[in-house]
Amino acid sequence: MSQAEGPAVEVSEEVLEALRGASRVVALTGAGMSAESGVPTFRDAQSGLWEQFDPSQLATPEAWRADPPFVWAWYAWRVGLVRSVQPNPGHCALAELADLREVAVVTQNIDDLHERAGSTVLAHVHGSLLDFRCMDCGAPYDGEIEVPTEPVERLDPPTCPECQGDIRPGVVWFGEELPRAAFDDAVAALEALGPGDVCLVVGTSGIVYPAAGLPAVALSAGATVVEVNPQETDVSDMCHLHVRDTAARVLPTLVERVRSG
Ligand code: BV8
């Protein structure tokens, strides 16, 4: 596993002790997990065309109903972006940690970088960018998706072969309920943690609910909650320990240190 670029990664003995002593680890990941792969975080996703739009305004059923080609163009561009990037050393390290500990990955990310790194993702609580379904009849859609190489203002969504409705991305929009099974699985995995187990909270600002409430479930289960994020966040006070550095630098170091005992 490649050594992280830049200054040495500082990880406290407490963090290492907690991980070495853990039999189970739940990793809660957000947009920061994929940032070093080149997928902009949600707050930074607004480059170019969509700059003037608040993502939580664009990622809504209302925005879709008001102008499907405009919202579809944004998602089609993001599909192209995700297809053009690779998992980073942070994703790979989490996949490797599963050889050493019982690991469950719960992500708010709609990309497939955890899976491409070899992780089994327990729950995509905000859905997946690469799953498509009909907005009207709900039929899954696995037809071709036209992916713009450059951001385009408008792009007609594909048409549902069943009902001629518009095809939408399989993501959870603001104001939409989270996939019940995925969220219940996430809560169950966190509740199953106990003293001596670890919950890694990686690259999330802790602003979007109900996902931002998940670290608290690990806390009340008695697990050691460790935040990996260069910045202080809205969930920092739910975490016992903090590693103020990036996912692609910290996670490989943690796995190496746990492996080397
Ligand atoms: C719902 C898919 C109800 C779409 C997404 C309680 C209080 C307040 C508001 C609410 C509440 N309950 C519900 C709400 C409303 C709303 C909400 O939370 N609004 C927020 C904005 C206040 N929640 C909802 O609408 C949810 N639905 O509640 O439904 C309901 C119930 C029953 C029936 C009907 C309805 C749905 C929320 C899901 C929305 N969909 N994504 C898409 O992607 O297009 S959310 C989307 O934004 C992402 O999935 C992610 O979850 C979120 C972004 O957050 P982060 O991942 O944390 O990323 P962010 O950019 O914010 O931060 C990045 C972090 O990484 C930073 O801290 C940074 O420092 C760090 N970082 C950067 N680089 C690195 C790094 N860390 C490590 N390494 C690095 N290299």
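Bear in mind the structure is a predicted one, so any value in this text is a computation, not a measurement. In listed order, ligands and their atoms are each counted from 1. Numbers for residues simply follow the sequence, beginning at 1. Hydrogens, waters and symmetry mates are skipped; everything else that's a heavy atom, side chains included, is used.
- Of the polar atoms of A31, at least one N or O is found under 3.5 Å from an N or O of ligand 1, judged by distance alone.
- Residue W74 has no N or O atom closer than 3.5 Å to an N or O atom of ligand 1.
- Grouped with L178 in one hydrophobic cluster are V26, L28, V106, L122, V125, V172, F183, V187, L190, L193, V201, L214, V217, L219, V225, V235, M238, the linkage being side-chain heavy-atom contacts under 4.5 Å among Ile, Leu, Val, Met, Phe, Trp and Tyr residues.
- Not a single heavy atom of V250 sits under 4.0 Å from any atom of ligand 1.
- At most 12 non-hydrogen atoms from other residues, nucleotides or ligands lie less than 6.0 angstrom from CD of E144.
- For ligand 1, the polar-atom distance check finds an N/O of Y209 within less than 3.5 Å of one of the ligand's N/O atoms.
- Here the closest non-hydrogen pair linking G32 and A247 is O-CB, 4.4 Å.
- Between W173 and Y75, the angle of the ring planes lies from 30° to 60°, which puts this pair in the tilted group.
- Comparing A247, G203, G206, G30 by heavy-atom distance to atom 63 (C) of ligand 1, the nearest is G203.
- The stretch residues 59-68 participates, sequence neighbours left out, in these salt bridge (charged side-chain N to carboxylate O under 4.0 Å, His left out) pairs: D67-R154.
- Every N/O-N/O distance between W173 and ligand 1 stays at or above 3.5 Å.
- Counting heavy atoms closer than 4.0 Å to ligand 1, residue L129 contributes nothing at all.
- Residue contact check: T246 has heavy atoms under 4.0 Å from atoms 78 (N), 79 (C), 80 (N) of ligand 1.
- Of the polar atoms of P230, none of the N or O atoms is found under 3.5 Å from an N or O of ligand 1, judged by distance alone.
- Every atom of ligand 1 with a heavy atom of I110 under 4.0 Å away is listed here by number and element: 2 (C), 42 (C), 43 (O).
- Summarising the contacts of atom 68 (C) of ligand 1 with D111, L251, N229, the nearest heavy atom is found in N229.
- For ligand 1 and I207, the ligand atoms under 4.0 Å from any heavy atom of the residue are 18 (O), 20 (C), 22 (C).
- For L155 against E146, the heavy-atom pair with the smallest separation is CD1-OE2, 3.5 Å.
- Between V208 and ligand 1, no pair of N/O atoms sits closer than 3.5 Å.
- Ligand 1 places these atoms under 4.0 Å from at least one heavy atom of A59: 44 (O).
- Heavy-atom contacts from other residues, nucleotides or ligands closer than 6.0 Å to CD of E13 number more than 12.
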Evaluation steps, side chain to side chain donor-acceptor pair (under 3.5 Å), between S23 and D197: CA-CA 6 Å; S23 51; D197 292 329; 3.1 Å; yes
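- Close contacts of ligand 1 with Y75, meaning ligand atoms under 4.0 Å from a residue heavy atom, involve 4 (C), 42 (C), 44 (O).
- When the heavy-atom distances from atom 1 (C) of ligand 1 to E177, E176, M33 are ranked, the shortest goes to E176.
- A 6.0 Å sphere centred on CD of E176 holds more than 12 heavy atoms belonging to other residues, nucleotides or ligands.
- Close contacts between ligand 1 and R78 involve ligand atoms 42 (C), 43 (O), 44 (O) [criterion: under 4.0 Å to a heavy atom].
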Would you please test V105 and H91 for side-chain contact (heavy atoms from CB on, under 4.5 Å) and show each step? CA-CA 10 Å; V105 174; H91 294 107; over 6 Å; no
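- Near Q231, the atoms of ligand 1 lying under 4.0 angstrom from a non-hydrogen atom of the residue are 69 (O).
- Proximity of S205 to ligand 1, defined as any heavy-atom pair under 4.0 Å, is shared by backbone and side chain alike.
- On a distance-only criterion, T233 and ligand 1 share no N/O pair closer than 3.5 Å.
- In plain terms, the two heavy atoms of A18 and T224 that are nearest each other are CB-CG2, 4.0 Å.
- More than 12 non-hydrogen atoms from other residues, nucleotides or ligands lie less than 6.0 angstrom from CG of D99.
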